[in-house]
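First the structure, in the form of structure tokens, and then the observations on it.
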Amino acid sequence: MNSTLTAALWMIGAIVAFTSMAVAGRVISVELNTFEIMFYRSLTGIVIVVSVAQFAGTIGQIGRNHIRLHFVRNLCHFAGQNLWFFALTVIPLAQVFALEFTTPIWVILLSPLFLQERITVIGLLSAALGFIGILIVARPDPATLDLGILAGAACAVCFALTAIFTRKLTRTESVTTILFYLTTLQAGFGAICALIYGGGQMTLPSVTGLPWVVLIGIAGLVAHFCLTQALRIAPASVVMPIDFVRLPVIAVVGMLLYDEPIDALVFIGAGLIFAANYINITRGQRA
């Protein structure tokens, strides 16, 4: 089996996992707030990460080096994930995913500040094209400011910061260490925020809601594992176009499950965002 086909199969797994997490997040949001969802999701993640690390013999790699960077990285991810779960409940699923795809654009713009990487002319043009795509997807109207649109756009910025700090961590830290702090720190953030928001009370998931919470935890880890495996096998210029299949898939899911209309402008805007990312990756590889 060639590398492109293998990467495509891993990406199918990622697309299924991301879509499952979105559906489960919308279902469980009826009984849990976003902080509680993040807390229970992280508890599921802790069990999985520690069990796999113990089985693989990598549990001893976990240390306290760069704990401050782990803290900042996971604070950004926690904020972004909460904004993502909130956006899922108030705007169409396709719109959430389209806005999330702007994360690489923000990475281009923010990398000089945190990684001291130079912005190229291609990078600037890609960012400009991506920004036009954002405007088409979001169609901001100052008269009717939509919190869901703002949350979807802001989560992409938080995810970009998460990617930047993750890149810094991967220079010295193992995957096991990064995933361990991803789950434990965000479980702590979720518990603190949920208790503050709930006035010292935290809602337990119901018997029918518990499987959805577990699904969110498993799907989140599986999605990123599949994406990482795909990128390990094939270049980003091959993997990224497959990842954008998430948009039509989630649009169809939104139409079938929630009667959400398929908006042509969302696809046009997402197409520009995709083109911006693809140009930046392919031209960057040639350089």
Side-chain angles (χ1 to χ4, degrees), residues 4-29 32 34 37-53 56 74 77-78 80-89 92-101 103-104 152 155-156 158-159 162-163 166 175-176 178-180 182-183 186-187 190 205 209-234 236 238-258 270 274:
T4 301
L5 180 57
T6 304
L9 292 175
W10 279 114
M11 285 309 301
I12 291 173
I15 291 166
V16 172
F18 277 125
T19 303
S20 301
M21 188 166 63
V23 172
R26 181 170 280 192
V27 171
I28 200 63
S29 65
L32 301 178
T34 59
I37 292 173
M38 285 298 295
F39 171 68
Y40 293 120
R41 170 196 168 169
S42 298
L43 285 185
T44 304
I46 290 172
V47 173
I48 296 172
V49 169
V50 171
S51 299
V52 172
N74 286 294
H77 189 270
F78 180 77
Q81 198 69 73
N82 274 282
L83 290 166
W84 189 79
F85 278 124
F86 171 74
L88 285 177
T89 65
L93 296 176
Q95 209 164 24
V96 177
F97 276 48
L99 291 169
E100 183 193 350
F101 283 138
T103 295
C155 84
C158 292
F159 288 153
T162 302
T166 302
V175 174
T176 297
I178 292 172
L179 290 177
F180 176 77
L182 165 70
T183 52
Q186 293 195 68
L210 184 59
W212 294 105
V213 173
V214 173
L215 175 60
I216 290 172
I218 295 173
L221 289 174
V222 169
H224 289 288
F225 177 77
C226 290
L227 184 59
T228 301
Q229 288 294 100
L231 288 169
R232 184 179 62 83
I233 295 168
V238 172
V239 171
M240 197 189 71
I242 303 172
D243 188 33
F244 268 78
V245 174
R246 274 199 283 152
L247 183 60
V249 169
I250 201 65
V252 171
V253 169
M255 179 186 68
L256 294 177
L257 296 184
Y258 306 108
F274 164 75

Atom of [X], atom of [Y] and distance for their closest heavy-atom approach:
{"X": "A53", "Y": "T176", "result": "CB-CG2, 3.7 Å"}
{"X": "T89", "Y": "S29", "result": "CG2-OG, 3.3 Å"}
{"X": "M21", "Y": "G220", "result": "SD-CA, 3.7 Å"}
{"X": "A156", "Y": "L99", "result": "CB-O, 3.5 Å"}

Could you give the distance from [atom1] ([X]) to [atom2] ([Y]), rounded to the nearest 0.5 Å?
{"X": "H224", "Y": "T166", "atom1": "NE2", "atom2": "OG1", "value": "9.5 Å"}
{"X": "I37", "Y": "F86", "atom1": "CD1", "atom2": "CZ", "value": "12.0 Å"}
{"X": "L93", "Y": "L247", "atom1": "CG", "atom2": "CG", "value": "10.5 Å"}

Ignoring hydrogens and angles, write down the donor-acceptor pairs under 3.5 Å from the side chains of residues 12-20, residues two or more places apart or on other chains.
{"unit_1": "T19", "atom_1": "OG1", "unit_2": "I15", "atom_2": "O", "d": "2.8"}
{"unit_1": "S20", "atom_1": "OG", "unit_2": "V16", "atom_2": "O", "d": "2.7"}

| note | Here the salt bridge (charged side-chain N to carboxylate O under 4.0 Å, His left out) pairs for residues 5-29, sequence neighbours left out, are R26-E260

| query | Which pairs, with at least one residue in residues 239-258 and sequence neighbours excluded, count as a salt bridge (charged side-chain N to carboxylate O under 4.0 Å, His left out)? | reply |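 Qualifying pairs, neighbours excluded: E100-R246, D243-R246.
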
| query | Under 4.5 Å between any side-chain heavy atoms of F78 and L83, yes or no? | reply | no

Residues forming a ring pair (Phe, Tyr, Trp, His ring centres under 6.0 Å) with [X], sequence neighbours excluded:
{"X": "F97", "answer": "none"}
{"X": "F85", "answer": "none"}
{"X": "F244", "answer": "F101, F274"}

Only distances under 3.5 Å count here; give the side-chain donor-acceptor pairs of residues 209-217 to other protein atoms, sequence neighbours excluded, each with its distance to 0.1 Å.
none

Got a list of side-chain donor-acceptor pairs under 3.5 Å for residues 41-51, not counting sequence neighbours?
{"unit_1": "R41", "atom_1": "NH1", "unit_2": "Q81", "atom_2": "OE1", "d": "3.0"}
{"unit_1": "S42", "atom_1": "OG", "unit_2": "M38", "atom_2": "O", "d": "2.8"}
{"unit_1": "T44", "atom_1": "OG1", "unit_2": "Y40", "atom_2": "O", "d": "3.1"}
{"unit_1": "S51", "atom_1": "OG", "unit_2": "V47", "atom_2": "O", "d": "2.6"}

| What about W10 and F225, are their ring centers closer than 6.0 Å? |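 Ring-ring flag for W10/F225: true, centres closer than 6.0 Å.
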
| Under the side chain to side chain contact (heavy atoms under 4.5 Å, CB included) criterion, do L179 and L182 qualify, and how do the steps go? | CA-CA 5 Å; L179 290 177; L182 165 70; 3.8 Å; yes

| remark: Sorted by chain and number, sequence neighbours left out, side-chain hydrogen bond (donor to acceptor under 3.5 Å, both in side chains) with T34 holds for N82

| message | Using the side-chain hydrogen bond (donor to acceptor under 3.5 Å, both in side chains) criterion, which residues pair with T103? Sequence neighbours excluded. | response |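 By the side-chain hydrogen bond (donor to acceptor under 3.5 Å, both in side chains) rule, T103 matches no residue at all.
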
| message | Just to verify, what does A8 make a side-chain contact (heavy atoms from CB on, under 4.5 Å) with, not counting sequence neighbours? | response |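 Once residues adjacent in sequence are excluded, the partners of A8 under the side-chain contact (heavy atoms from CB on, under 4.5 Å) criterion are I242.
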
